[in-house]
Amino acid sequence: MPHSLSVPEERGLSPSVLIVSDSQNGEDQCRSSVDAIGGRVIGVERPEGARRQIDEKIVFDVALVDLNEDHGPQLDELLQDIERAARAGRYRSVISVPIELVDIVDAHIEHPDIALLCAPGQVDRAAALGLATAGHRLTLRDIGGERGNARLRRLSEEAARIASALADLSHGDAPSVAPGGNALGEAPFAFHAEPVRTYRLGAEDIRAIIRMRRSRDRFFDAELFADPAWDMLLDLMAARIEGRQVAVSSLCIAAAVPPTTALRWIRTMTDRGLFVRRSDPRDGRRIFIDLADEAAEALDRWFAEVHDNGDVLPS
């Protein structure tokens, strides 16, 4: 049964966390993550009850959300509330979902104060929660003077303790998906679009490079060659030439790293202007990722230079 929320009497260094989960197992994992960072659980809610509790009267540092099912309009409304709260600076959020829900959740959230995790291990969840609470609690007025120095010392000690707790959690915490694996399954493209233009290199040439990159994983540890930015650039370039749209979940697979890592890279590449988010005209609960025109042109020029020099295209 969901626990009732209580407003903390004092907001000290111990971060307050609201858990929203649709399963007992998810709740247990969230509690473990809160314990690992030395936080306080001020309440636990199921998705259908969370919106009634998350209002201006409730004070907490982070919403820790763990979902395994699509709750339809209730999920959409909850995510919209979380996005609005992030924009207002009320609290930060950490959201954990399986790959099947990544597209839906990603379509509703954009603010950098919301961390989206995909099938995370305990270390990933606790690390994201630790970062969220640390960033939320330290303000400029906390720095300076004897009181500020003492606060910084306590935060430093807390960071060291969190690092120790994460190290303990990491034993036996295997990645949810092995880098380069296809355990998540291939997400289908939604529809074909007209190619933007003709490029020097064909889609099959780029797909061949991608296959060469993946074949290395049979002979070496995949982590030695992990380069999610390059893998995603290649995949999006091939899709652009083919006139295909790529969903976030599909791009996570193409990155050949654990999906939570891929999601961070997608956000980074979008922030840097290399990727562009486009709404799915047929499904408002999904976002497509496309190469920015400048990124596509830069890749094409690189392919042309390598070809004109007579070099073998590197994998």
Side-chain angles (χ1 to χ4, degrees), residues 1-11 14-120 122 124-137 248 260 263 284-287:
M1 294 291 294
H3 301 274
S4 59
L5 284 172
S6 60
V7 180
E9 296 179 359
E10 179 181 359
R11 298 186 72 191
S14 179
S16 55
V17 180
L18 169 66
I19 294 175
V20 179
S21 179
D22 59 7
S23 71
Q24 185 59 51
N25 181 60
E27 177 186 333
D28 293 342
Q29 291 184 354
C30 287
R31 286 184 177 277
S32 177
S33 297
V34 175
D35 289 343
I37 68 159
R40 295 177 292 118
V41 176
I42 66 166
V44 179
E45 286 293 334
R46 299 298 180 240
E48 59 272 17
R51 293 195 69 217
R52 295 194 304 271
Q53 300 291 354
I54 299 177
D55 57 34
E56 297 297 335
K57 298 178 182 179
I58 300 302
V59 179
F60 56 92
D61 293 316
V62 178
L64 181 57
V65 183
D66 184 276
L67 302 174
N68 289 287
E69 299 178 8
D70 181 0
H71 297 269
Q74 289 180 335
L75 173 59
D76 297 342
E77 292 168 355
L78 174 62
L79 294 172
Q80 290 164 6
D81 286 348
I82 289 174
E83 175 72 15
R84 281 193 293 268
R87 293 182 183 278
R90 288 183 53 210
Y91 55 83
R92 296 191 175 195
S93 299
V94 177
I95 305 176
S96 304
V97 296
I99 190 68
E100 293 81 9
L101 296 182
V102 162
D103 291 321
I104 295 172
V105 176
D106 184 78
H108 286 87
I109 62 171
E110 292 188 40
H111 199 277
D113 281 353
I114 306 173
L116 176 57
L117 313 179
C118 182
Q122 282 290 76
D124 284 336
R125 184 185 286 104
L129 182 60
L131 287 173
T133 57
H136 192 75
R137 287 176 288 123
V248 173
T260 292
L263 288 168
R285 305 178 83 208
R286 180 164 58 178
I287 292 291

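Counting from 1, the numbers follow the sequence of the chain as shown.
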Ignoring hydrogens, what is the shortest heavy-atom contact between [X] and [Y]? Give both atom names and the distance.
{"X": "Pro120", "Y": "Ser96", "value": "CG-OG, 3.6 Å"}
{"X": "Arg31", "Y": "Val44", "value": "NH2-CG2, 3.3 Å"}
{"X": "Asp66", "Y": "Cys30", "value": "CB-SG, 3.6 Å"}
{"X": "Ile37", "Y": "Pro15", "value": "CD1-CG, 3.9 Å"}
{"X": "Arg285", "Y": "Gly72", "value": "NH2-O, 3.6 Å"}
{"X": "Cys118", "Y": "Leu263", "value": "CB-CD1, 3.8 Å"}

Problem set entry | The single option from Arg90, Arg51, His108 passing side chain to side chain donor-acceptor pair (under 3.5 Å) against Asp81 |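 Result: among Arg90, Arg51, His108, Arg51 is the only option passing the side chain to side chain donor-acceptor pair (under 3.5 Å) with Asp81.
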Exercise. Looking only at atom types and distance, does a side-chain atom of Asp61 sit under 3.5 Å from a main-chain N or O of Val17, one as donor and one as acceptor?
Worked result: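 The answer is no, because no donor-acceptor pair under 3.5 Å joins these two groups.
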Just how far is it from atom [atom1] of [X] to atom [atom2] of [Y], taken to the nearest 0.5 Å?
{"X": "Leu79", "Y": "Arg84", "atom1": "CG", "atom2": "CZ", "result": "10.5 Å"}
{"X": "Phe60", "Y": "Leu18", "atom1": "CZ", "atom2": "CG", "result": "5.0 Å"}
{"X": "Leu67", "Y": "Ile104", "atom1": "CG", "atom2": "CD1", "result": "10.5 Å"}

Find out whether [X] and [Y] are in side-chain contact, i.e. whether some heavy atom of one side chain is under 4.5 Å from a heavy atom of the other.
{"X": "Ile82", "Y": "Tyr91", "value": "yes"}
{"X": "Gln74", "Y": "Pro47", "value": "no"}
{"X": "Ile287", "Y": "Glu110", "value": "no"}
{"X": "Glu77", "Y": "His71", "value": "no"}
{"X": "Leu101", "Y": "Asp70", "value": "yes"}

Exercise. Arg92 and Leu131: side chain to side chain contact (heavy atoms under 4.5 Å, CB included), yes or no, with the steps?
Worked result: CA-CA 10 Å; Arg92 296 191 175 195; Leu131 287 173; over 6 Å; no
Exercise. Between Val105, Asp106, Leu64, which is the residue that forms a side chain to side chain contact (heavy atoms under 4.5 Å, CB included) with Ile95?
Worked result: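 Among the candidates, only Val105 passes.
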Exercise. Between Asp28 and Gln24, do the side chains contain an N or O donor and an N or O acceptor separated by less than 3.5 Å?
Worked result: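 Yes, because at least one side-chain N or O of Asp28 sits under 3.5 Å from a partner of the opposite role on Gln24.
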